[in-house]
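Everything below concerns the one structure shown next.
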There are 2 protein chains.
Amino acid sequence: MEKHPGTVFIVDDDDAIRDSLKWLFQSRGYRVETHPSAEAFLGAYRGDTSGCLVLDVRMPGMSGLELYDILKERGVGLPVVFLSGHGDIPMAVSSLRKGAMDFIEKPFNDNELVDRVAESLRMDEERRRDEASRHAVAERLAQLTPRELEVMQLILAGKHNKVIADELRISMRTVEVHRSRILQKMGVRSAVELAQVVSVSDLPPAGPAPMEGPGH
Amino acid sequence: MEKHPGTVFIVDDDDAIRDSLKWLFQSRGYRVETHPSAEAFLGAYRGDTSGCLVLDVRMPGMSGLELYDILKERGVGLPVVFLSGHGDIPMAVSSLRKGAMDFIEKPFNDNELVDRVAESLRMDEERRRDEASRHAVAERLAQLTPRELEVMQLILAGKHNKVIADELRISMRTVEVHRSRILQKMGVRSAVELAQVVSVSDLPPAGPAPMEGPGH
DNA sequence: ATCCACATTGTGGATTTCCCCAATCCCCGC
DNA sequence: GCGGGGATTGGGGAAATCCACAATGTGGAT
């Protein structure tokens with residue numbers, strides 16, 4: 001068992017459905033965690049586990065929709081598959097537009113649900129990788145001093161040290177020092193790599209340097 | 001009138017609804033084009049017009065859902081807002097998952113529809129800008145000879161001309177020539193700009209050069 | 001008062017980039 | 001066969017990058 005990565009979090013107030021879903025996913029090799037209410041899930045989820053949330057829309061206490069909103073507020077990017085017994089179109093549409101992976105009516109088709117959960121787990125893996133990558137870059141960027149950040153943007157604008165020096169009214173030598181520290185702190189060995197690494201993140205551009213010239 | 005960019009394409013077999021929608025959008029300053037059937041729209045749409053498609057799901061002949069599929073097949077990225085009189089949740093969900101902007105039940109709220117269409121038009125503008133930008137880069141990339149493409153990837157891997165020369169078993173001088181032509185053809189003036197311009201596109205990486213070194 | 005991070009500047013030299021001029025070789029199509 | 005585009009290589013020089021060694025000034029924290 002557990003031939004699949006990530007955990008399937010099942011939140012439903014109906015014992016029978018919880019058990020049935022648990023069995024369904026466990027029998028297919030997924031790690032499963034069940035919770036009888038939104039509150040119970042919130043109390044237990046630590047945010048560090050990759051997975052997918054299978055969420056009943058209507059439950060006593062906090063509804064699945066409310067839980068979803070709260071998770072989004074908290075920046076929890078866990079993909080969610082909604083299960084609904086008495087949903088309507090606006091509810092489904094609004095859920096999907098907010099980013100839910102799917103909105104499935106009960107009774108549901110087992111294979112369909114499993115497929116969607118499997119896809120959700122893949123997405124979460126990918127999301128976490130991207131997140132980690134962005135975070136790593138952000139962490140490095142955070143090490144740069146204000147001045148270095150300033151110089152970096154000019155470098156990314158494709159300007160030569162000479163030009164940067166003029167614009168910042170400092171000597172070229174100083175720019176070189178900054179440049180060197182920037183590359184070192186960002187863990188790259190050239191401005192080209194810097195551009196690629198930073199392009200993952202989103203920085204406010206400084207001096208533009210769009211493409212022109214010949215072309216076709 | 002016409003204070004808004006883009007055209008609202010209305011496709012519905014019901015004359016009354018078509019007129020009503022036409023009036024609704026025209027009165028708010030949108031350019032409107034109506035069609036009584038999916039076939040009529042297909043015959044008239046030229047693909048070069050920015051806009052948003054307001055599409056009735058159920059129509060005699062080709063349904064709105066079918067039309068949407070066909071448009072996607074043809075690579076027409078026009079954003080679509082579905083209108084439905086007798087839709088169900090699976091239909092709505094599948095539409096949205098396929099990329100529709102919204103799925104609204106009749107009778108609909110005028111303001112809600114207009115808001116969604118307005119957002120769709122904004123998205124289409126942006127999409128077209130991105131598309132144009134990607135296309136421009138692709139066009140330039142297409143001008144590169146195979147060898148130049150090869151050299152470019154090594155440049156983007158952050159390698160020095162010296163290293164590139166070794167790897168390709170050619171002289172450094174030749175690499176310089178290639179490099180120069182590449183920058184010229186791509187319309188940039190430095191490798192950094194090249195990296196940024198190309199990053200918009202998606203190229204298969206050649207020799208990796210990830211970030212390492214210090215860090216936190 | 002002292003320590004430290006940050007910004008700054010210099011000298012000088014090794015390495016690289018960028019470019020003009022010029023030339024050879026090969027393959028492909030007219 | 002001839003012309004032309006693409007790939008290749010050289011010479012040589014101006015400009016820029018990269019770096020090691022060395023130093024000064026400023027502002028905040030201890």
Side-chain angles (χ1 to χ4, degrees), chain A residues 138-198 203 206-207 209 211-216, chain B residues 139-198 206-207 209 211-216:
Chain A
E139 210 160 61
R140 304 213 152 178
L141 283 176
Q143 294 177 11
L144 299 182
T145 68
R147 196 55 154 175
E148 285 167 351
L149 212 53
E150 205 172 344
V151 172
M152 185 184 75
Q153 299 190 304
L154 296 176
I155 290 176
L156 293 179
K159 300 180 179 177
H160 285 178
N161 288 349
K162 172 103 176 273
V163 181
I164 297 175
D166 282 346
E167 281 188 37
L168 296 183
R169 309 238 218 240
I170 56 183
S171 87
M172 217 165 67
R173 190 61 191 78
T174 307
V175 176
E176 286 177 38
V177 172
H178 283 316
R179 185 186 200 110
S180 166
R181 285 208 201 299
I182 290 167
L183 294 187
Q184 191 202 333
K185 286 184 179 177
M186 294 303 291
V188 295
R189 263 185 316 260
S190 74
V192 177
E193 291 180 30
L194 179 67
Q196 295 178 330
V197 166
V198 175
L203 276 188
M211 67 179 174
E212 271 187 46
H216 39 118
Chain B
E139 210 160 62
R140 303 213 154 180
L141 283 175
Q143 293 177 11
L144 299 182
T145 67
R147 195 55 155 175
E148 285 167 351
L149 213 53
E150 204 172 346
V151 171
M152 186 183 75
Q153 299 191 303
L154 295 176
I155 291 177
L156 292 180
K159 300 179 179 178
H160 284 179
N161 288 349
K162 173 102 176 273
V163 181
I164 297 175
D166 284 346
E167 281 188 37
L168 296 183
R169 310 237 217 244
I170 56 181
S171 90
M172 218 166 70
R173 192 61 194 75
T174 306
V175 177
E176 286 177 37
V177 172
H178 283 316
R179 184 187 200 109
S180 165
R181 284 208 202 300
I182 291 168
L183 294 187
Q184 191 202 333
K185 286 185 180 175
M186 294 302 293
V188 296
R189 263 184 317 261
S190 73
V192 177
E193 291 179 29
L194 177 67
Q196 295 176 331
V197 166
V198 175
M211 68 180 173
E212 275 186 43
H216 38 117

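Here is how names work: the chains are called A, B, and so on, in the same order as the sequence lines, proteins then strands, and each is numbered from 1. Here the structure is a predicted model, which is why all the values come from computation and not from measurement. Hydrogens, waters and symmetry mates are skipped; everything else that's a heavy atom, side chains included, is used.
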Does any residue of residues 167-179 of chain A have a heavy atom under 4.0 Å from DNA chain D, and if so, which ones, in number order? R173(A), E176(A), R179(A)
Kindly compute the distance separating [atom1] ([X]) from [atom2] ([Y]), expressed to the nearest 0.5 Å.
X	Y	atom1	atom2	answer
I155(B)	I182(B)	CD1	CD1	4.5 Å
K159(A)	R189(B)	NZ	CZ	11.0 Å
I170(A)	I164(A)	CD1	CD1	8.5 Å
E148(B)	L183(B)	CD	CG	10.5 Å
K162(A)	E167(A)	NZ	CD	12.5 Å
L144(A)	E150(A)	CG	CD	12.0 Å

How would you give the extent of chain A contacts on DNA chain C, as first and last nucleotide 5' to 3' within a 4.0 Å heavy-atom cut-off? dC6(C) to dT11(C)
For a 4.5 angstrom cut-off between non-hydrogen side-chain atoms, does Q196(A) reach V188(A)? no
Determine: side-chain N/O of T145(B) to OP1/OP2 of dA7(D), distance under 4.0 Å, yes or no. yes
Angle, rounded to 10°, between the helical axes spanning five pairs at each terminus of the helix from dA1(C)-dT30(D) to dC30(C)-dG1(D)? 40°
Please step through side-chain contact (heavy atoms from CB on, under 4.5 Å) for the pair K185(B) and L141(B), ending with a clear verdict. CA-CA 8 Å; K185(B) 286 185 180 175; L141(B) 283 175; over 6 Å; no
CA sep, side-chain torsions, deciding dist, call: L154(B), L168(B), side-chain contact (heavy atoms from CB on, under 4.5 Å): CA-CA 10 Å; L154(B) 295 176; L168(B) 296 183; 3.8 Å; yes
Atom [atom1] of [X] and atom [atom2] of [N]: how far apart are they, to the nearest Å?
X	N	atom1	atom2	answer
E148(B)	dT8(D)	CD	C1'	13 Å
N161(B)	dT17(D)	CG	P	15 Å
L183(A)	dT17(D)	CG	P	12 Å
R189(A)	dT17(D)	CZ	C1'	16 Å

Show me the donor-acceptor pairs within less than 3.5 Å that the side chains of residues 172-181 of chain A make with the rest of the protein, sequence neighbours left out.
{"unit_1": "T174(A)", "atom_1": "OG1", "unit_2": "S171(A)", "atom_2": "OG", "d": "3.2"}
{"unit_1": "R179(A)", "atom_1": "NH1", "unit_2": "N161(A)", "atom_2": "OD1", "d": "2.4"}

Which heavy atom in V192(A) sits nearest to a heavy atom in A191(B), and how many Å separate them? CG2-CB, 3.5 Å
